[in-house]
Asker: 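I have a structure here, written as structure tokens, and I will follow up with some questions on it.
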Amino acid sequence: MKIVVTGALGHIGSKLIRELPRLHPGCEVVMIDDFTVQRYPSLFDLPDGARYRFIEGDVIKLELPPVFEGADMVVHLAAITNAAGSFENKDRVEYINYNATLKTAEACAKTGVPMFYISTTSVYGTQEKLVDENCPESALQPQSPYAETKLREEKLLMQLGRERGLDFMICRFGTIYGASPGMRFHTAVNKFCWQAVMGQPVTVWRTALHQMRPYLFLDDAIRAMDFVLSKKLFDRGIYNVLTMNATVNTILDAIKMHAGNFNVEFVETKIMNQLSYEVARTKFERLGFVFSGADSLQKAVAGTVHLLGNANCARAK
Ligand SMILES: NC(=O)c1ccc[n+]([C@@H]2O[C@H](COP(=O)([O-])OP(=O)(O)OC[C@H]3O[C@@H](n4cnc5c(N)ncnc54)[C@H](O)[C@@H]3O)[C@@H](O)[C@H]2O)c1
């Protein structure tokens, strides 16, 4: 078994590369990252049981086909991922993310290797209370340059599927919760944990406190990728992948249980809208996948808070 992971040192990738030897003993794991975000520690203490190879480089510039040759799956994670921050560097996000996906998809098509592509549930901005993958075009209203580009990338893969026989699955992931060696703290759950532990006010977008949004447990994300690989489910479809829909308020309650009390500060952001919606995951479940329960939020928050546990002695325990 050979698996190639682009953007391998990031939040999701650094966990995936550690799980692969357990899931597929003896596998070859090729990791590509250009250190857009410097996360050398993601390569520390990799477990035994896999043949690892790290390639430092930009997927837009690398000669990918020889690297992909003979692989069972390419997991494409390389991207600039800060949605809220993407208003400030719109052109760069559009250029890097679109072209990274284009180059990866073209190399997959050329070598006949299936591609696992991660989109985002933030492509939805719907008026509906519950939205699924078959929603009309009008329900797809990405709220940031990052999410707009994801939608363009999805369309690109569809086109390459039709024109060049690219096999892929597109999974629209909810916001990840759960710790990993390469994790960042710019997405909702992680950021709130960080702020709570550091004694900072927890900054919540003004409209967001009671709005439902989709979230995905990191363990479920890894299991979903392996599920698709093991069952060879590269049907060129789009699937929502999320552990739960929840409000920010629910997340803050979970954090309070582990990090103690904190102040909430409401902030403005270009990304917010007035709409509360839930995202359906039944299409992915119908393939036979079983998601973790809602208690995974408590588990993940406890884990993240524990990692930072001794970083702020002023924190009320
Ligand atoms: N984390 C989430 O909540 C979430 C939710 C939905 C979708 N996603 C998507 O999942 C994927 C992975 O997310 P993540 O949270 O692990 O992101 P991340 O920012 O933690 O990691 C991305 C990695 O890609 C690398 N990278 C960026 N551009 C590159 C390039 N041109 N060539 C090589 N490497 C490059 C970075 O150095 C980084 O290590 C992204 O496509 C993201 O949009 C993430």
Side-chain angles (χ1 to χ4, degrees), residues 4-18 30-43 54-64 67 74-86 89 92-105 107 115-124 142 144-154 157 169-193 213-222 224-225 238-243 251 279 300 304:
V4 180
V5 186
T6 74
L9 306 192
H11 187 184
I12 298 171
S14 62
K15 171 95 175 177
L16 174 65
I17 58 178
R18 282 170 170 73
V30 181
M31 308 167 288
I32 304 175
D33 205 291
D34 70 347
F35 292 111
T36 294
V37 186
Q38 295 229 342
R39 274 173 292 195
Y40 291 87
S42 296
L43 290 172
F54 177 62
I55 299 174
E56 180 177 345
D58 179 346
V59 288
I60 297 172
K61 296 180 189 148
L62 285 170
E63 179 61 15
L64 295 175
V67 179
V74 170
V75 181
H76 178 51
L77 305 174
I80 298 176
T81 58
N82 187 343
S86 67
N89 58 352
R92 183 159 174 264
V93 169
E94 282 172 359
Y95 177 80
I96 301 283
N97 290 4
Y98 187 84
N99 284 292
T101 297
L102 173 65
K103 283 292 301 284
T104 302
M115 177 171 173
F116 189 100
Y117 173 71
I118 302 182
S119 184
T120 168
T121 49
S122 56
V123 296
Y124 299 112
S144 67
Y146 160 82
E148 270 169 33
T149 309
K150 285 282 185 195
L151 210 47
R152 283 181 58 221
E153 292 167 50
E154 288 185 1
L157 295 198
M169 178 182 274
I170 294 172
C171 286
R172 290 178 178 160
F173 276 14
T175 301
I176 298 281
Y177 56 90
S180 74
M183 75 188 291
R184 300 174 72 188
F185 289 87
H186 64 279
T187 47
V189 184
N190 299 346
K191 185 180 79 174
F192 299 151
C193 287
R213 286 287 185 275
Y215 295 90
L216 175 61
F217 185 31
L218 183 54
D219 292 30
D220 283 352
I222 306 300
M225 292 185 234
I238 297 179
Y239 293 83
N240 296 328
V241 176
L242 58 135
T243 307
I251 291 163
V279 173
T304 304

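In each ligand, atom 1 is the first atom listed, and ligand 1 is the first ligand listed.
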Asker: Please examine the side chains of Glu56 and Phe54, heavy atoms only from C-beta on, and report whether any two atoms are closer than 4.5 Å.
Answerer: yes

Asker: Which heavy atom of the protein is the closest neighbour of atom 32 (N) of ligand 1, given with residue, atom name and distance?
Answerer: Val59 N, 3.1 Å

Asker: Which ligand 1 atoms, with their elements, are less than 4.0 angstrom from a heavy-atom of Ile12?
Answerer: 10 (O), 12 (C), 13 (O), 16 (O), 44 (C)

Asker: Mark the output for Ala8 as yes if a heavy-atom distance to ligand 1 is under 4.0 Å, and as no if none is.
Answerer: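 Contact absent.
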
Asker: Counting heavy atoms not belonging to Phe35, are there more than 12 under 6.0 Å from its CZ?
Answerer: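 More than 12 within 6.0 Å, yes.
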
Asker: Under 4.0 Å from a heavy atom of Gly174: give me the atoms of ligand 1 that qualify, with their elements.
Answerer: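 Counting from 1, the qualifying ligand atoms are 5 (C), 6 (C).
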
Asker: Which atom pair, heavy atoms only, marks the closest approach of Met225 to Val75?
Answerer: SD-CG1, 3.6 Å

Asker: Going by the order shown, which atoms of ligand 1 are within less than 4.0 Å of some heavy atom of Lys150?
Answerer: 40 (C), 41 (O), 42 (C), 43 (O)

Asker: On a heavy-atom basis, which atom in Glu153 and which in Asn97 lie closest, and how many Å separate them?
Answerer: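 Smallest heavy-atom distance, with atoms named: OE2-CB, 3.4 Å.
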
Asker: Run down the list Ile60, Thr6, Leu77 and name the one with the heavy atom closest to atom 11 (C) of ligand 1.
Answerer: Leu77

Asker: Looking at Tyr239, is Arg172 sitting on its ring face, NZ or CZ under 6.0 Å from the six-membered ring centre and within 45 degrees of the normal?
Answerer: no

Asker: Should you measure from each heavy atom of Gly57, which atoms of ligand 1 turn up under 4.0 Å away?
Answerer: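 This gives 32 (N), 33 (C) as the contact atoms.
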
Asker: Does the side chain of Ile222 reach to within under 4.5 Å of the side chain of Asp220, using non-hydrogen atoms?
Answerer: no

Asker: Could you identify the single nearest non-hydrogen protein atom to atom 38 (C) of ligand 1 and state the distance to 0.1 Å?
Answerer: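 In this structure, atom 38 (C) of ligand 1 has Arg39 NH2, 3.1 Å as its nearest protein heavy atom.
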
Asker: Below 4.5 Å, heavy atoms only, C-beta onward: do Ile176 and Thr187 meet side chain to side chain?
Answerer: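 With C-beta onward as the side chain, the pair stays apart.
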
Asker: Out of Leu242, Ile96, Asp34, Thr81, who is nearest to atom 29 (C) of ligand 1 when you count heavy atoms only?
Answerer: Asp34

Asker: Closest non-hydrogen protein atom to atom 39 (O) of ligand 1, residue and atom name please, with distance?
Answerer: Asp33 OD2, 2.7 Å

Asker: Identify, by atom number and element, the atoms of ligand 1 in contact range of Ile176, meaning under 4.0 Å from any of its heavy atoms.
Answerer: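 Ligand 1 atoms under the 4.0 Å threshold to Ile176: 1 (N), 2 (C), 3 (O), 4 (C).
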
Asker: To check your reading of the model: name the closest protein heavy atom to atom 24 (O) of ligand 1, its residue, and the distance in Å.
Answerer: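 Residue, atom and distance for the closest contact: Gly7 CA, 3.3 Å.
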
Asker: Is any NZ, NE, NH1 or NH2 atom of the basic residue among Asp219 and Lys15 found under 4.0 Å from an Asp or Glu carboxylate oxygen of the other?
Answerer: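 Yes.
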
Asker: Tell me, do Ile170 and Leu157 make a side-chain contact under 4.5 Å, heavy atoms counted?
Answerer: yes

Asker: Would you mind checking which non-hydrogen protein atom is closest to atom 42 (C) of ligand 1, with the distance to 0.1 Å?
Answerer: Tyr146 OH, 3.5 Å

Asker: How long is the straight-line distance from CD1 of Ile96 back to OG1 of Thr101, given to the nearest 0.5 Å?
Answerer: 11.0 Å

Asker: Hey, which of Ser42, Pro41, Pro181 is the one that makes side-chain contact (heavy atoms from CB on, under 4.5 Å) with Leu9?
Answerer: Ser42

Asker: Any N or O on His11 sitting closer than 3.5 Å to an N or O of ligand 1?
Answerer: yes

Asker: Should the proximity of Arg184 to ligand 1, defined as any heavy atom under 4.0 Å, be assigned to the side chain, the backbone, both, or neither?
Answerer: side chain

Asker: Heavy atom under 4.0 Å from ligand 1: found in Ser119's side chain, backbone, both, or neither?
Answerer: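 For Ser119, only backbone atoms sit under 4.0 Å from ligand 1.
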
Asker: Mark up the atoms of ligand 1 that fall under 4.0 Å of a heavy atom belonging to Ile118, in ascending order.
Answerer: 7 (C), 8 (N), 9 (C), 10 (O), 41 (O)

Asker: For Val37, counting its heavy atoms only, list the atoms of ligand 1 lying under 4.0 Å from any of them.
Answerer: 37 (O)

Asker: Students should be able to answer this: which protein heavy-atom is nearest to atom 28 (N) of ligand 1, and at what distance?
Answerer: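 Here the nearest protein heavy atom works out to Thr36 OG1, 3.5 Å.
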
Asker: Should Asp58 be listed as contacting ligand 1, given a heavy-atom distance under 4.0 Å as the test?
Answerer: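 Right, Asp58 reaches ligand 1.
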
Asker: If we only count heavy atoms from C-beta on, is the Thr243 to Tyr177 side-chain gap below 4.5 Å?
Answerer: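 When only atoms from C-beta onward are counted, Tyr177 and Thr243 do touch, with a gap below 4.5 Å.
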
